[in-house]
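Before any comments, here is the structure.
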Number of protein chains: 2
Amino acid sequence: MRARLSRENSMGWMIQRLARRLDDAMNARLAEHGLTLQQFAILMTVIEHGRMTQAEIGRLFAMPAYAISRAIDGLEADGLLVRDAHPSSRRAHQIHATEKALDMAPAMFAIVKAVNADLTQGLGDKEAGELRRLLATVVETAAI
Amino acid sequence: MRARLSRENSMGWMIQRLARRLDDAMNARLAEHGLTLQQFAILMTVIEHGRMTQAEIGRLFAMPAYAISRAIDGLEADGLLVRDAHPSSRRAHQIHATEKALDMAPAMFAIVKAVNADLTQGLGDKEAGELRRLLATVVETAAI
DNA sequence: TCACAACATTTGCAATTGCAACAGTTGCAT
DNA sequence: ATGCAACTGTTGCAATTGCAAATGTTGTGA
């Protein structure tokens with residue numbers, strides 16, 4: 001039996017493939033709510049974190065400012081987020097979630113939960129915990 | 001101390017963040033060779049697998065046909081891949097790597113190796129193996 | 001206090017990507 | 001054989017994304 005192609009078992013490769021599948025799964029479920037994954041991430045963050053500026057969101061996701069600007073354009077048009085004047089800076093905006101967004105939140109969290117469950121369904125609780133721990137280590141210690 | 005934001009430790013979230021960093025790291029290194037990550041993936045596959053059609057490549061990566069078509073346009077322009085007539089079908093092309101591509105291959109494999117090493121530098125050999133095993137399980141068993 | 005660098009956000013334009021339609025080829029059931 | 005659905009690959013056009021410049025604001029050091 002010939003050897004597996006080297007890339008198939010490489011960690012980077014597996015991570016990228018899984019990320020792509022997660023992306024597709026999340027986008028499919030979010031499309032029903034008219035959201036992209038990016039918008040969803042911003043929305044959830046603002047809901048959890050409370051009022052924050054666009055730059056803060058950008059730093060959190062390592063996303064360029066213009067992407068935040070445009071994503072929020074969409075979320076604002078959907079009535080989920082609003083840009084307020086910042087209390088201490090006239091250049092920054094303070095973003096916060098609307099009632100409508102808060103009403104939507106439970107459904108959003110349910111999506112995250114369901115997708116994560118689908119992802120780990122082949123693993124026992126113990127293995128899932130171990131995987132979570134190892135991934136967290138890599139997230140913190142990787143040199144890239 | 002208040003609880004961590006729920007999403008920070010979710011497995012899907014960590015995988016997506018790592019994938020993004022891997023993507024950036026690979027693209028930065030590949031840019032020196034004038035390749036995108038997509039082109040690189042196709043190139044490596046053709047080098048390892050030998051002659052194959054565009055549709056076969058597409059199925060392997062779950063990539064749309066037009067993306068393959070355009071990526072190969074670039075690789076062909078760079079003199080790394082060529083489209084031959086397929087011996088048994090007039091609609092399919094047989095793609096294969098040029099000498100130039102084969103000469104480049106060692107440098108390409110070195111990049112993969114280096115990035116994977118950077119990724120797992122915070123893990124011991126045993127932990128890295130365990131992580132690889134768990135990820136492989138998820139790749140095979142996930143419901144998404 | 002004034003010049004200047006850094007910051008927060010937006011936007012015009014170019015490059016990239018995705019969708020859908022197209023052109024040609026093949027297999028298969030009638 | 002022939003009509004049709006499925007397949008292989010390409011392309012025009014629209015949507016999305018990314019870069020870089022613009023606009024206005026703030027902090028800081030001479």
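The sequence lines fix the lettering, A, B, ..., with proteins before strands; numbering per chain opens at 1. Please read these numbers as outputs of a predicted model, since none were measured by experiment.
Residues B:His93 and B:Asp84 bring no donor and acceptor atom of their side chains to less than 3.5 Å of each other.
Using modelled atom types, no side-chain atom of A:Thr53 and backbone atom of A:Ala92 make a donor-acceptor pair closer than 3.5 Å. Side chain of B:Gln94 to backbone of B:Pro87: no donor-acceptor contact under 3.5 angstrom is found.
The distance from atom CD1 of B:Ile57 to atom P of D:dT10 is 11 Å, rounded to the nearest whole Å. Between the CD1 atom of B:Ile72 and the P atom of D:dT11 there is a distance of 13 Å, rounded to whole Å.
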Please tabulate, for side-chain N and O atoms in residues 99-110 of chain B, each donor-acceptor pair with protein atoms closer than 3.5 Å (sequence neighbours left out).
residue: B:Lys100; atom: NZ; partner: B:Asp78; partner atom: O; Å: 2.8

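For the pair B:Gln39 and B:His33, the minimum side-chain heavy-atom distance is 4.5 Å or more.
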In B/S/- notation, 5' to 3', how is nucleotides 6-17 of chain C contacted by protein heavy atoms closer than 4.0 Å?
BBSBBBBB----
